[in-house]
Amino acid sequence: MTDIATLDNLFFTRSGMDKHRVTRSVEGALAGMDDGELFLEYSQSESFTFDDGKLRNASFNTEQGFGLRTVLGEASAYAHASDLSEDAIKRAAQTVRAVNHGQSGVIAEHGVPFGTNRNLYSDINPLAEIPFAKKVGVLQAIDAYLRGRDNRVKQVSASLSGVWQAVKIIRADGSIAGDIRPLVRLNISVVAEHNGRMETGSHGAGARTAYGVYLEESHWKKQADEALRQALVNLESRHAPAGEMPVVLGNAWCGVLLHEAVGHGLEGDFNRKKTSAFAGLMGKQVAAKGVTVVDDGTIQDRRGSLSIDDEGTPTRRTMLIEDGILTGYLQDRLNARLMGMKPTGNGRREGFAYQPMPRMTNTFMMSGDAKPADIIASVKRGLYAVNFGGGQVDITSGKFVFSASEAYMIENGKITHPVKGATLIGNGPDALTKVKAIGNDMSLDDGVGTCGKSGQSVPVGVGQPTLLIDSMTVGGTEV
């Protein structure tokens with residue numbers, strides 16, 4: 001359960017603000033509006049980067065502030081400041097009243113429950129838990145371990161980051177919701193060289209927890225070995241062929257393609273404005289039978305999980321596509337109200353200086369009943385994509401381009417040589433209809449996802465089982 005005393009100390013006792021006077025200011029600012037809230041935030045963050053045998057960066061940052069929003073119809077006004085004081089909030093209240101323009105609305109409550117007492121992660125502050133020297137020592141040990149593992153390793157970069165964020169949301173009716181959110185991440189990158197050829201591999205892990213297991217030798221060695229394995233595989237890779245072919249997508253992190261090519265298109269704002277390829281298709285068949293896609297912000301300790309979203313709405317498990325049928329959108333309060341739907345706990349923001357918008361939490365496709373080995377065996381000639389790097393998506397058309405950072409050829413039902421330079425080109429909604437087999441091995445990623453939208457970045461989770469897409473355009477570098 002979130003420590004209410006800690007939150008009150010951060011936002012009221014230390015700042016000298018009176019909770020009741022602040023609440024009255026919020027009520028005054030939101031009078032006659034359709035919606036809005038005061039979002040209070042206090043956060044600490046740190047990061048360490050050990051690169052090429054040296055500690056290259058060590059940083060620590062503390063931020064605090066508030067954002068006050070009023071909403072009337074489709075219009076919203078937002079004022080924010082890093083000054084946690086009653087005077088600053090009063091000035092903000094005067095500013096955001098400008099959206100009223102002589103009109104009035106009725107505060108939309110949506111029947112949202114507050115005070116669930118649910119907490120999906122510990123309140124512990126990971127930044128204060130482990131001494132500085134130990135964190136740096138682990139990064140140094142990772143560097144030494146990888147250099148000693150293989151003489152082809154030429155460069156190692158290891159980074160560790162942690163965040164401790166406390167938030168409090170106050171609404172017009174006096175409802176108050178709060179949350180304390182830890183977040184840690186370890187990332188390792190390796191450059192290997194052989195006969196003048198250099199290739200990279202990277203891997204990492206993270207969660208909403210303390211550093212704990214991530215600093216244990218057995219755990220970081222697992223991440224380091226995986227980064228090295230990828231680099232060495234890529235040293236043996238050949239140029240990828242180009243053309244239309246069946247594509248098998250690996251499980252876990254490959255769900256990033258689902259996240260980008262499909263997940264964003266299911267966010268409420270794009271569908272309300274009819275700029276999504278999925279707009280107007282509720283209840284329609286949008287994917288092959290057997291395809292079920294879920295967004296779940298309630299999974300314990302996961303990177304994308306939240307006890308409450310940044311509007312104070314408890315997160316939930318939202319069915320987006322069920323057996324190929326579009327059944328839901330991801331909603332914040334504003335878009336839910338305008339679409340006549342209920343919020344789903346997906347109103348998220350990067351921090352107090354930003355307004356909330358519909359965002360994903362942990363988005364994944366559910367398992368099917370096919371064995372991954374049988375899926376591979378069914379392909380005469382195709383591509384097996386195991387890991388992805390960067391990608392681009394057009395939400396309106398659904399078109400995407402993704403680069404595979406680890407991929408292999410499938411020939412006569414067997415995985416053969418690794419390939420480099422493979423790019424997947426397609427259309428998200430179209431790709432969903434071409435899913436021919438769904439593996440029984442759904443897995444979530446290791447906790448490294450970060451999603452960008454409209455200039456805001458938030459932590460997310462992705463996942464999927466092994467998938468066979470019957471036909472996809474592969475861009476390659478084979479001459």
Side-chain angles (χ1 to χ4, degrees), residues 35-45 47 61-71 74-82 92 96 161-169 177 179 181-183 185 206 208 256 259-273 275-276 295 297 302-313 315 318 329-336 338 343-363 390-396 400 445 447-462:
D35 209 353
E37 74 286 314
L38 175 68
F39 179 85
L40 302 169
E41 178 188 13
Y42 177 90
S43 66
Q44 295 179 335
S45 60
S47 64
N61 186 50
T62 299
E63 287 189 349
Q64 64 176 18
F66 72 87
L68 180 60
R69 180 179 65 148
T70 56
V71 180
E74 294 186 31
S76 62
Y78 197 67
H80 63 88
S82 57
V96 297
S161 63
V163 178
W164 187 80
Q165 180 196 44
V167 303
K168 210 169 185 76
I169 299 109
D179 200 15
R181 305 164 175 171
L183 186 67
R185 174 174 170 172
R208 288 199 178 278
V256 69
H259 167 104
E260 295 288 356
V262 177
H264 279 297
L266 298 177
E267 292 168 340
D269 49 354
F270 295 128
N271 286 278
R272 177 177 67 82
K273 298 172 185 177
T275 57
S276 167
D295 184 87
R302 292 300 305 183
R303 181 174 172 84
S305 294
L306 295 169
S307 298
I308 56 171
D309 72 4
D310 294 322
E311 298 179 303
T313 307
T315 55
T318 302
Y329 296 131
L330 301 175
Q331 298 285 15
D332 63 349
R333 289 176 61 91
L334 184 152
N335 288 282
L338 294 173
T344 57
N346 290 90
R348 304 188 63 187
R349 64 182 104 199
E350 182 175 323
F352 69 85
Y354 301 87
Q355 294 195 56
M357 66 180 80
R359 305 294 299 272
M360 286 172 274
T361 56
N362 304 297
T363 310
Q392 294 181 325
V393 179
D394 184 308
I395 299 301
T396 302
F400 63 80
D445 76 293
V448 297
T450 298
C451 174
K453 177 182 175 181
S454 299
Q456 296 191 45
S457 296
V458 295
V460 296
V462 302

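Model, not experiment: these values are computed from the prediction.
Note that OG1 of T62 is 4.5 Å distant from OH of Y42, once rounded to the nearest 0.5 Å. Summarising the geometry, atom OH belonging to Y78 is positioned 8.0 Å from atom CG belonging to L68; distances are rounded to the nearest 0.5 Å. One distance of note links CG of L38 with NE2 of H80; it measures 13.5 Å at 0.5 Å rounding. Of the inter-residue distances, the one linking N335 atom CG with N271 atom CG reads 9.5 Å to the nearest 0.5 angstrom. L334 CG to D35 CG: the interatomic distance, rounded to the nearest 0.5 Å, is 7.5 Å. How far OH of Y329 is from CZ of R272: 13.0 Å, rounded to the nearest 0.5 Å.
A distance-only check finds a donor-acceptor pair linking the side chain of Q456 to the backbone of Q355 [under 3.5 Å]. Side chain of E267 to main chain of L330: no donor-acceptor pair is present (N/O by atom type, distance under 3.5 Å, no hydrogens or angles). Proximity of a side-chain donor or acceptor of S457 to a complementary backbone N or O of G452 within less than 3.5 Å is not detected. Formation of a donor-acceptor pair under 3.5 Å by the R303 side chain with backbone atoms of G449 is found in this model. Not one N or O on the side chain of S47 forms a donor-acceptor pair closer than 3.5 Å with the backbone of S161.
No donor-acceptor contact under 3.5 angstrom links the side chains of S43 and R181, judged on distance only. Side-chain contact check for T315 and D309: no donor-acceptor pair (N or O, by modelled atom type) lies under 3.5 Å. A donor-acceptor pair shorter than 3.5 Å cannot be found between the side chains of T318 and D295.
Shown here for F39 and D310, the closest heavy-atom pair between the two residues is CD1-O, 3.6 Å. The nearest pair of heavy atoms linking V71 to S76 is CG2-CB, 4.0 Å. The minimum heavy-atom distance linking A92 with A79 is given by the pair CB-CB, 3.7 Å. Between I169 and V167, the shortest heavy-atom contact is CD1-CG2, 4.3 Å. In terms of heavy atoms, D332 sits closest to P343 at O-CB, 3.9 Å. Contact between Y354 and G455 at its shortest, heavy atoms only, is CE2-O, 4.2 Å.
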Q: Before giving the answer on side-chain contact (heavy atoms from CB on, under 4.5 Å), spell out for V460 and H259 the whole-Å C-alpha distance, their side-chain angles and the decisive distance to 0.1 Å.
A: CA-CA 9 Å; V460 296; H259 167 104; 3.9 Å; yes
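Contact of the R208 side chain with the L183 side chain is registered, since non-hydrogen atoms from C-beta on lie closer than 4.5 Å. V462 is not listed as a side-chain neighbour of M360, based on a closest heavy-atom distance of 4.5 Å or more. Under the 4.5 Å side-chain criterion, counting only non-hydrogen atoms from C-beta, C451 is in contact with H264. Contact annotation: the side chain of D269 approaches that of K453 to within less than 4.5 Å [non-hydrogen atoms, C-beta and beyond]. When side chains are defined from C-beta on, P459 does not count as touching R185, because their heavy atoms never get closer than 4.5 Å. Between L306 and R348, the closest side-chain pair of non-hydrogen atoms falls below 4.5 Å.
Applying the side-chain contact (heavy atoms from CB on, under 4.5 Å) rule to N362 yields the partners I299, R302, S305; only residues at least two apart in sequence or on another chain are considered.
The one candidate from E311, E41, E37 that meets the salt bridge (Lys or Arg N to Asp or Glu O under 4.0 Å) condition with R349 is E37.
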